[in-house]
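A short write-up of the structure that comes next.
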2 protein chains.
Amino acid sequence: MTDPCFPECGVARFLTLLNGPWATLIVRELLHGPHRFNQLREALPGISPHTLTSRLRQFERHGIVTRTTYAEIPPRVEYALTPLGEGLREVLEAMGTWAMAVPDPESGVTA
Amino acid sequence: MTDPCFPECGVARFLTLLNGPWATLIVRELLHGPHRFNQLREALPGISPHTLTSRLRQFERHGIVTRTTYAEIPPRVEYALTPLGEGLREVLEAMGTWAMAVPDPESGVTA
DNA sequence: CTGGATCCCGCGGGATACTG
DNA sequence: CAGTATCCCGCGGGATCCAG
């Protein structure tokens, strides 16, 4: 039943790989399927190209995301999750499930 | 069937509540049961009292952790997860499960 | 024992401008 | 379109010292 040592072993690594406020949000977007650079920018209101590139590069290094370049006249680059990255779906879903149980910060944290 | 809108709704909130490298690690520790201030310090090598207090206070405000003071001669304070905080167990487990599938960063990410 | 006060630092991130 | 380069900033966090 959930060996006590089981979560801790990985939590730290998870935090290392998905550090920063944007990291997880980018993965969440990629969970919908491959995205082009500007597609991600549009899907992530407020993110700067600098940050987006930075996170994406880190994901590449860690084998979470793949970068595919299409040498066409209008340059096209697609970012997609690797199987490893896909595995994050369960984690994100757990986050989402939990958060939905969180009372609105403004609606009487009375509970 | 995991409604596509379901994860995104909460992921952002999760990230807001558990921001920073230490936040999640503190919760992970609290998942083992109530802890006193110094118990947490010992369980989290490298954390400074400043940071620990900071995170703990934030958790209190968000109703994730409760702070119980025992007005004894040797001051005693216990931090425990609220039911809401307990709900994070699934999330942490998901992180741990995923991370265990991550190949060691050193084992040839060369590609 | 618990933890507040200060000071300093690194890093994620924003803004803007510019290139292949 | 897909980035890259530079500069600046806020915040999480470490260190240290001190107080209830």
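Note on naming: letters A, B, ... go to the chains in the order of the sequence lines (proteins, then strands), and numbering restarts at 1 for each one. The figures that follow rest on heavy atoms only: side chains count, while hydrogens, waters and symmetry mates do not.
- Going from atom CG of B/L40 over to atom C1' of C/dC1 covers 13 Å, rounded to whole Å.
- Residues B/S54 and B/T51 have side chains that never bring a donor and an acceptor to within less than 3.5 angstrom of each other.
- When all heavy atoms are compared, the tightest approach of A/L31 to A/G85 is CD1-O, 4.5 Å.
- For B/R36, a side-chain nitrogen or oxygen approaches OP1 or OP2 of C/dT2 to under 4.0 Å.
- The separation between B/E72 atom CD and C/dC1 atom P is 13 Å, rounded to whole Å.
- Taking the salt bridge (Lys or Arg N to Asp or Glu O under 4.0 Å) definition, one finds that A/R67 meets it with nothing, sequence neighbours left out.
- Going from atom CD1 of B/I73 over to atom C1' of C/dC1 covers 12 Å, rounded to whole Å.
- Rounding to whole angstrom units, NE2 of residue B/H35 and C1' of C/dC1 are separated by 16 Å.
- Distance, A/R67 CZ to D/dG3 C1': 8 Å, rounded to whole Å.
- Counting only heavy atoms from C-beta outward, the side chains of A/F59 and A/I26 approach each other to under 4.5 Å.
- Each salt bridge (Lys or Arg N to Asp or Glu O under 4.0 Å) pair with one or both residues in residues 32-49 of chain A, not counting sequence neighbours, would appear here, but there are none.
- At a threshold of 4.5 Å between non-hydrogen side-chain atoms, the residues B/L25 and B/R28 count as touching.
- Ring orientation note: the planes of A/F14 and B/W98 are nearly perpendicular, at an angle over 60° on the 30°/60° scale.
- Atom CD of A/E42 and atom C1' of D/dA2 are 13 Å apart (whole Å).
- Partners of A/Q58 under the side-chain hydrogen bond (donor to acceptor under 3.5 Å, both in side chains) rule, at least two apart in sequence or in another chain, are A/N19, A/R55.
- Over its full length, the helix from C/dC1-D/dG20 to C/dG20-D/dC1 turns its helical axis through 50°, comparing axes from the five pairs at each end and rounding to 10°.
- Contact annotation for B/R41: no contact, since no heavy-atom pair falls under 4.0 Å across all strands.
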Next item on the list: Encode nucleotides 4-20 of chain D as B, S and - characters from 5' to 3', where the letter depends on protein heavy atoms closer than 4.0 Å: B to the base, S only to sugar-phosphate, - to neither.
Entry: B-B-----SBBB----B
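- With sequence neighbours left out, B/E60 forms a side-chain hydrogen bond (donor to acceptor under 3.5 Å, both in side chains) with B/R57.
- B/Y79 has no side-chain polar atom (N or O) that falls below the 4.0 Å cut-off from OP1 or OP2 of C/dC1.
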